[in-house]
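Excluded from the calculations below are hydrogen atoms, water molecules and symmetry mates; all remaining heavy atoms, backbone and side chain alike, are included.
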Amino acid sequence: RFRTVPSTFAEAEEGLPTWYSLSQNYPNPFNPITTTEVTIPREGRVTLRVYDILGREIATLADGEFVAGRYRFQFDGSRLPSGTYIYVLTAGETRVAKKMMLLK
């Protein structure tokens with residue numbers, strides 16, 4: 001079983017977005033840190049989680065109430081093996097998933 005890895009996020013950037021979006025992480029592939037951006041059009045509960053290819057939750061990058069804005073999240077995979085991971089944004093009725101690759 002993997003441990004949750006640390007994450008950080010920056011404050012919302014200026015300008016309000018008009019829809020939910022989850023950007024592709026960069027760099028991708030990464031070693032060991034990668035960044036992704038999320039846009040949130042209105043205040044509400046948001047979660048951003050990372051899963052391994054078997055669907056086991058590896059990390060929670062965000063879980064709480066967020067105001068509308070653009071956010072940047074970092075994921076540190078230094079304690080994880082190389083492989084494909086899925087990160088999932090859930091906000092309101094929106095659910096978006098993307099793949100990222102960790103290469104060591």
Requested in this report: Find the distance between OG1 (Thr34) and CD (Gln24) and round it off to the nearest 0.5 Å.
Outcome: 8.0 Å

Query raised in the report: Which pair of heavy atoms, one from Asn28 and one from Met100, lies closest together, and at what distance?
Result: OD1-CA, 3.5 Å

**Report entry** Residues that Thr94 engages under side chain to side chain donor-acceptor pair (under 3.5 Å), provided they are two or more places apart
**Finding:** none

Query raised in the report: Looking at NZ of Lys98 and OG1 of Thr36, how far apart are the two atoms once the value is rounded to the nearest 0.5 Å?
Result: 7.5 Å

Query raised in the report: What heavy-atom pair brings Ile58 and Asp52 nearest, and what distance separates the two atoms?
Result: CG1-N, 3.5 Å

Report task. Sequence neighbours left out, what passes side-chain contact (heavy atoms from CB on, under 4.5 Å) with Arg95? Give chain and number order. Result -> Val88, Thr90

Query raised in the report: Within a reach of under 6.0 Å around NZ of Lys104, are more than 12 heavy atoms found that belong to other residues, nucleotides or ligands?
Result: yes

Query raised in the report: Ser21: what forms a side-chain contact (heavy atoms from CB on, under 4.5 Å) with it, not counting sequence neighbours?
Result: Trp19, Thr39

Requested in this report: State yes or no: do Leu89 and Val67 share one hydrophobic cluster built from I, L, V, M, F, W and Y residues joined by side-chain heavy-atom distances below 4.5 Å, directly or via other members?
Outcome: yes

Query - Closest non-hydrogen atom pair between Ala68 and Pro41, with its separation - result: CB-O, 3.4 Å

Query - Polar side-chain atom of Ser78 near backbone of Pro32 as donor-acceptor pair, under 3.5 Å - result: no

Report summary line: The side-chain contact (heavy atoms from CB on, under 4.5 Å) partners of Thr35 (sequence neighbours excluded) come to Tyr26, Arg72, Gln74

Query raised in the report: Does Phe75 reach the side chain of Phe30, with side-chain heavy atoms less than 4.5 Å apart?
Result: yes

Query raised in the report: Which ILVMFWY residues can you reach from Ile33 by hopping between side chains whose heavy atoms are under 4.5 Å apart?
Result: none

Query raised in the report: Hey, does Asn25 have a side-chain heavy atom less than 4.5 Å from the side chain of Tyr87?
Result: yes

Report task. Assign the ring pair Tyr71 / Phe66 to parallel, tilted or perpendicular, where the plane angle (0 to 90°) is split at 30° and 60°. Result -> perpendicular

Under 3.5 Å, sequence neighbours excluded: what are the donor-acceptor pairs made by side chains of residues 44-51?
unit_1 : atom_1 : unit_2 : atom_2 : d
Arg45  : NH2    : Asp63  : OD1    : 2.5
Arg49  : NH2    : Asp63  : OD2    : 3.3

Report summary line: CE of Met101 to OG1 of Thr84, rounded to nearest 0.5 Å, is 4.5 Å

